[in-house]
Amino acid sequence: MNYRDGGFRGVRPGAFGGCAVSGVPIPLGERKYGRVDLQEPYVNPEAVLQRHLPSAKRRATEGKAR
């Protein structure tokens, strides 16, 4: 996939793209999160945080343990 502002262009045939963090398949019509500058799709907002703020996930996990 070639990700662009407001859309994407397929460079290979297929119906899915993989999340850059988890590898979870994302149906092309359901892709909502991504970074155009890095050409990375994400399956959900949590994956975005995990990729760009790794300590945020750690803090969230620590908060639940208390």
Side-chain angles (χ1 to χ4, degrees):
M1 299 303 303
N2 181 279
Y3 298 97
R4 301 167 178 213
D5 287 331
F8 55 88
R9 181 175 66 91
V11 292
R12 283 186 274 171
F16 294 88
C19 175
V21 173
S22 66
V24 171
I26 307 168
L28 297 183
E30 295 179 21
R31 187 190 67 82
K32 298 177 186 170
Y33 309 99
R35 289 277 308 261
V36 173
D37 56 334
L38 298 177
Q39 292 293 294
E40 292 183 341
Y42 307 107
V43 70
N44 55 33
E46 290 80 16
V48 175
L49 287 175
Q50 187 176 347
R51 168 67 168 98
H52 299 287
L53 300 171
S55 60
K57 183 177 181 186
R58 202 173 326 118
R59 282 193 302 265
T61 304
E62 290 169 359
K64 290 179 184 177
R66 293 181 182 171

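Remark: Pro27 pairs with Phe16, Glu30 by the side-chain contact (heavy atoms from CB on, under 4.5 Å) rule, at least two apart or across chains.
When hydrophobic side chains of Ile, Leu, Val, Met, Phe, Trp and Tyr are connected at separations under 4.5 Å, Val24 ends up clustered with Ile26, Val43.
Between Pro41 and Gly18, the shortest heavy-atom contact is CG-O, 3.1 Å.
Screening residues 29-50 for ring pair (Phe, Tyr, Trp, His ring centres under 6.0 Å) gives Tyr42-His52 as the qualifying pairs, with residues at least two apart or on separate chains.
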